[in-house]
Novice: 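For reference, the structure I am asking about is given below.
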There are 2 protein chains.
Amino acid sequence: MSKKSPMREKILQAAEKRVRAAGFAEMSFRDVASDVGIKSASVHYHFPTKAELGEALVEEYTTRFNAFLVQLDTEALLPAIRSYIALYAKALILDEAICLCAIMGAEAIGLPREINEKTRTFFEMNLVWLENLFGKHLGASNRPLAAMVVSALEGAIIVSSASKDRKIFDDVAEEVIQLIASRA
Amino acid sequence: MSKKSPMREKILQAAEKRVRAAGFAEMSFRDVASDVGIKSASVHYHFPTKAELGEALVEEYTTRFNAFLVQLDTEALLPAIRSYIALYAKALILDEAICLCAIMGAEAIGLPREINEKTRTFFEMNLVWLENLFGKHLGASNRPLAAMVVSALEGAIIVSSASKDRKIFDDVAEEVIQLIASRA
DNA sequence: GTCTATAATTTGATAGAC
DNA sequence: GTCTATCAAATTATAGAC
């Protein structure tokens, strides 16, 4: 679906970084253009409108996240959960940013419907993956537990990032692991 | 600290609604002025800069939230937690919006330092309140459990709101209650 | 594909009348 | 306290040259 143009990829990368740092509304074509070394008019060649850039961002983010999830399907329950948590930890610590879909979800009312639908798909993908994981290892699907895990990790990234205190995320990560271990 | 001017209160209320729906960056003086029936120049009389309006928003939100928390201090553990969860449920369902400090935290990089500090204070207030509650009823303070509760509820509001599925929040709320009950 | 130039709109903010 | 008038800057987006 997505073309492999190198500049397109550079734009997506720069735009994602800015959205995940300050929000979709704060990300401007001029800033992104400056980041990748071209002019804002040239960004419109790759993404005609800001809405289309936003859609591509969420789409690509979801695809990338899903690629990781698929890899985890062979692991046992607790190792899989640890790897899943590591995805969120990477977002917070390595990228020094929050989850793209957390900010897109928070800004939802001001965003185009197409972006909102893709954001929703990201969360549903996470929930379904966890449900299947629990179904496979705990015998029952357990959507409430899946919702608890996704919410706790998404929330932990925001609270931890806003508080500039990584320990908050680490505390929540450990609680999530213990919670699932207690259900096993 | 905050003056009791009726128009000032109306402005704060309208601005909070807009920030919690689409973010601080998307909230404009003109839109807020229109909401309360005055011109944007008049908003500057009450709040000279947008940064000052933002600070007042977080400050007032924190004060209001704290007033609720103080009231809950006489309740037993599980009733107190249920009431605490109800505060978040009210934000999601009645206000049809996410937590002000969740969006302020998510947009942090693009916001003035003063707002970031006040946002951080809000989260710390929540953590300390929960820590004290656990200390009183569980014998030990347990900051990780406090972080888990705050993160799960903040995250649940965002995921639930973005997915337009209230059941996600309700599921997480029930998981939080069960989690704390299991530690009692 | 990228550029210059520019249109059209919105924004935060100020000056000064009332 | 609120208004009109206005400004300077930033924004999304388009047209057309190269």
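First the proteins, then the strands, lettered A, B, ... as listed; each starts at 1. Computed over heavy atoms, backbone and side chain alike; hydrogens, waters and symmetry mates excluded. Please read all numbers here as calculations on a predicted model, not as lab measurements.
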Novice: Give the nucleotide from the list D:dT12, C:dG1, D:dT2 with an atom nearest to the side chain of A:Lys50.
Specialist: D:dT12

Novice: Find the distance B:Glu26:CD to D:dT12:P and express it as a whole number of Å.
Specialist: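 From B:Glu26 CD to D:dT12 P: 10 Å.
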
Novice: If the threshold is 4.0 Å, N to carboxylate O, is there a salt bridge linking A:Lys164 and B:Glu117?
Specialist: no

Novice: What parts of residues 28-43 of chain B reach DNA chain C, counting only heavy atoms under 4.0 Å away?
Specialist: B:Ser28, B:Phe29, B:Arg30, B:Ala41

Novice: Does the side chain of A:Lys17 reach to within under 4.5 Å of the side chain of A:Asp95, using non-hydrogen atoms?
Specialist: no

Novice: Inspect the contact between A:Glu124 and A:Arg143 and indicate whether a charged nitrogen and a carboxylate oxygen are less than 4.0 angstrom apart.
Specialist: yes

Novice: Mind calculating the distance between CG (A:Leu53) and C1' (D:dT11) to the nearest angstrom?
Specialist: 14 Å

Novice: Is any side-chain N or O of B:His44 closer than 4.0 Å to OP1 or OP2 of C:dA15?
Specialist: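 For B:His44, the contact criterion (side-chain N or O under 4.0 Å from OP1 or OP2 of C:dA15) is not met.
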
Novice: What's the NE2-P distance between B:His46 and C:dT14, to the nearest Å?
Specialist: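 Going from B:His46 (NE2) to C:dT14 (P), I get 16 Å.
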
Novice: Counting only heavy atoms not in A:Glu114, do more than 12 fall under 6.0 Å of its CD?
Specialist: yes

Novice: Examine D:dT2: is either OP1 or OP2 under 4.0 Å from a nitrogen or oxygen in the side chain of B:Tyr45? Give yes or no.
Specialist: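 B:Tyr45 to D:dT2 OP1/OP2: no side-chain N or O under 4.0 Å.
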
Novice: Does the pair B:Glu16/B:Arg64 count as a salt bridge with the N-to-O cut at 4.0 Å?
Specialist: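 Here B:Glu16 pairs with B:Arg64 in a salt bridge, since their nearest N and O are under 4.0 Å apart.
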
Novice: Indicate the atoms forming the closest heavy-atom contact of B:Ala80 with B:Trp129, along with that distance.
Specialist: O-CH2, 4.3 Å

